[in-house]
Structure formats: structure tokens, C-alpha cells
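Report on the following structure.
Every chain is numbered from 1 and lettered A, B, ... according to where its sequence line falls, protein lines coming before strand lines.
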2 protein chains.
Amino acid sequence: MTTREDEAGRNRRAELLGIAAGLFAEKGFKNTTVRDIADASGIQSGSLYHHFDSKESMVDEILSTFQEELFGSYDQILDSVDDARTKLERAVQVSFEAIDRHRHEVAIFQNEADYLGAFERFAYLAERNAQSRAVWITLLDDGVRSGALRADLDIELTYRFIRDTVWVAVKWYRPGGTLTHEHVADQYLHILLDGISHG
Amino acid sequence: MTTREDEAGRNRRAELLGIAAGLFAEKGFKNTTVRDIADASGIQSGSLYHHFDSKESMVDEILSTFQEELFGSYDQILDSVDDARTKLERAVQVSFEAIDRHRHEVAIFQNEADYLGAFERFAYLAERNAQSRAVWITLLDDGVRSGALRADLDIELTYRFIRDTVWVAVKWYRPGGTLTHEHVADQYLHILLDGISHG
DNA sequence: GTCTATACCGTGATAGAC
DNA sequence: GTCTATCACGGTATAGAC
């Protein structure tokens, strides 16, 4: 049974987490105070602790929820019957889509994973990193084996370049701006697959 | 006249700045305390203030010194008589070389420019950013005009991808590791210019 | 050039009234 | 569910002895 109060509580919780995510992304986790979050939410700092144990719990919930969704998308691509090149393209497109829909979460993960990863509570961040590497390496290996990609590729370096260039776009991409995430993904894939030199 | 004391002072100053740069790069500027810097230097926190006005002065000196050198290198490339493609290659190589020789400084600029840029004292960071954009846009424009690069390039997006991929490498590149900065630059230029797809 | 001592403030978190 | 009041801690920076 779901009462009206339960739902209101969940909505409020999500609302507060959204406000916190925006601040964590903009100013950094440690650099954002619980008073900042409370001010932006129109309540007092003490009231936040009615909803959450601690500031850590807030960022924990933000990151784990997001990653569950993202890796679900990657798994769908890996499990599909598409050819290697299409899968690689899909993975890039899904990543830019994540930047579009969850830019705060992406930014937090990019900026704070190193710092947070030092606490046992956030050990899963390192696991997710390894999981992400596995996805891209698989896609690149399949691409080379199927002949879609150059045989002389340095897979490890190529992985790093793709990963870095995709996620760092969160620093400048703004949803609702002149560039759509589809356009950015297309242009990026054009550069990545075909290069920028003439002929 | 340069006395022995002056020189010892400069050495000590440079030594302390180097230690601070490592901590700022690793933990972030705000997240690094003056006590952290003092501990790592084997002195008391109060003693730091004999050498520097404030924590801000330290990061200021670290960043401005580094950028003066980096943009000197870019200017040399722009002023050279090389063709467009060679200039672009040289700019990429010089950037990876900067990551190799000054990774702390690069990391600090990458991670803290947004935060520090909000203070008037660090307004020059935004100017340096604009200057950097001007360098890359010039190189790309010349490349397209001379026929070295594809005529259908989205110059602005290409600039962002190059900038991002080059500088984000500071997150994983380690001097003295198995990869040299020359090797990384070569591989990156190969991907950038020729793409990763087969044929 | 480094030390000790300390002023002063912002921080995360708690307790209990409403 | 929010408020006020409060606490213990750690932060930057200063003063003055050695």
C-alpha cells in the first residue's frame, strides 16, 4: 500500500537530492556545505537531517541510483545482436545521452570519484570503473576482431581516449542549448572513426 | 646582486611551492589545508606564513608561472614557418610534454580553474583560457584552409574534443611509467588525424 | 626560518520544542 | 517536517619568542 504521505515523502526526498546534486556538481562535494543545500531548499540545515543521515548518504544515493541506470543501458547494448561498429556507436550515443539527462550525476562521478573512493562506503565506485573499462575494451576488441576497426589499434590507449573525451564533455555540454546530445555524439563519432585529416 | 641568502630563499620557496602543488593536484585546493602543506614540508603551519601571504598566493604563483612557460611554447609554434599540419602536431606534442613535466600544475588548472576563476585575483585564468582557444582555432582554421584537414569539420567542436582529450590525460598519465609522453602524443595524433575505423 | 600559542570563524551533526 | 540552539572540531591566519 502506498499512502499519500509515503509518496509526498519520496517526492520531497527526490527534490532535495536533486538540489544537492546540482550543488555537488557545481561546487564539489566537500566544498558544498549542508547549509548551502538547506538554503537552496528553503529550509534550515538541521531539517535536512530529518531526511538523510549525513551529507555522505546524500551523495551515495545520488551516485548509486544513477550508475544502476547507466550500466543497465550498457548491458542492453552488449546483449544486443548488432554488429561491432553499431554497438560502439550505440555506447557512445548512450553516454552522451546520460550527460544530457543526468549531467549533475555525471559531473559528480567525474570530479569526486577519486576523493570518495578512499572511503569503504564508496568502494563500489572503483568496481563500477572496472566494469566500465570492461565494456569499452570488449567493444573495441570485437571491433578489431570483426575488421570494423584498424588492426594496429592500441586498445588500452584508445579506450582511455574514448572514455575521457566522452565524459569530459559534461564540463561544457548544456541541455537545451544550441547543440543536441545526438549532434555531439554524431560529430564525435565522425572524428573518432574517420579522423580529421583530409582524404 | 644575488647573495647566498637570496638564493637559499628562492630554493626553499620553490621547494615549498612544489610540495603544495602536489597536494593541490591530489586533493584539490580547498581540500588541502595549510597544515597538510606544513606537515609534508616538515615544518609548522605558522612557519609557512614567513614565505607566503596566504594559501591563495601559493596557488597563484604556481599557476601563473606555469602558464607563462606554456603559452611561450604555443607562441613559438604559431610564429614558426612550419605547415599547418606540422604546427597542429607540434601543439599536441608540446601539450603532452607539459603534462609530463608539469602534471601538478596542469591538474590544478584543470580541476580548480572554475572555482578560482570566481575571484578577481584569478581573472587571468579566464583570459588564458580564451588565449588557448584562440591558438587551437587558428591552427584548425589554417589546417582547413590549406587543405590538410577535412573541409566539413565543425571547428568549434573539434577544438573542444582536442582540448579535452589532451588535458584530461593528466588524470592517468604518469611520468616515468611504461608510456612516454611522445608515444601518447603519437598515438593520439594517429587517432585524431586518421580515425580508428578500418580503411 | 621556525617555533608555540591563540584568535576567530565555518563546519557537520544533534537535541528538543513546535 | 521544520525550527532554534548548541556543540565539538578543524580551518586560516597572526603575534611574538627563539
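- Within a 6.0 Å radius of CG in A:D194, other residues, nucleotides and ligands contribute more than 12 heavy atoms.
- Neither OP1 nor OP2 of D:dG1 sits under 4.0 Å from any side-chain N or O of A:S47.
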Set out, in order, the CA-CA distance, both residues' side-chain angles and the distance that settles side-chain contact (heavy atoms from CB on, under 4.5 Å) for B:Q67 and B:L125, then state yes or no. CA-CA 9 Å; B:Q67 296 198 326; B:L125 294 178; 4.0 Å; yes
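- Sequence order on DNA chain C of the closest nucleotides to B:S45 and A:F29 puts B:S45 first from the 5' end.
- OP1 or OP2 of C:dG1 sits under 4.0 Å from a side-chain N or O of B:H50.
- Atom pair B:F52:CZ and D:dT14:C1' shows a separation of 18 Å (rounding to whole Å applied).
- Rounded to an integer number of Å, the gap from B:D36 CG to D:dG11 P is 7 Å.
- Going from atom CG of A:L48 over to atom C1' of C:dT14 covers 14 Å, rounded to whole Å.
- Spacing between atom OH of B:Y49 and atom C1' of C:dT4 amounts to 16 Å, rounded to whole angstrom units.
- Rounded to an integer number of Å, the gap from A:D39 CG to D:dT2 C1' is 14 Å.
- Straight-line distance from the CD1 atom of B:I37 to the C1' atom of C:dG1: 17 Å, rounded to whole Å.
- Candidate nucleotides C:dT11, C:dA13, D:dG11 were compared by shortest atom distance to the side chain of A:S54, and C:dA13 ranks first.
- Place A:Q44 and A:K30 on DNA chain D by their nearest nucleotides, and A:Q44 ends up nearer the 5' end.
- Within the 4.0 angstrom heavy-atom criterion, only backbone atoms of the sugar-phosphate kind lie near A:T32; the bases stay farther away.
- Using a 4.0 Å heavy-atom criterion, one finds that B:R35 contacts the bases of the nucleic acid, with or without backbone contacts as well.
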Using the rule given for ring-ring contact (aromatic ring centres under 6.0 Å, His included), can you reason through A:F109 versus A:F66, listing the C-alpha separation, both sets of side-chain angles and the distance that settles it, and then say yes or no? CA-CA 10 Å; A:F109 183 65; A:F66 162 64; 7.6 Å; no
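- The backbone N or O of B:H51 lies less than 3.5 Å from a partner atom in the side chain of B:R13, making a donor-acceptor pair.
- We find that CZ of B:F119 is positioned 13 Å from C1' of D:dT12, with the value rounded to whole Å.
- Heavy-atom minimum distance, A:A91 versus A:S95: O-OG, 2.8 Å.
- Taking atom CG on A:L23 and atom P on C:dG12, their separation rounds to 12 Å, with Å as the unit.
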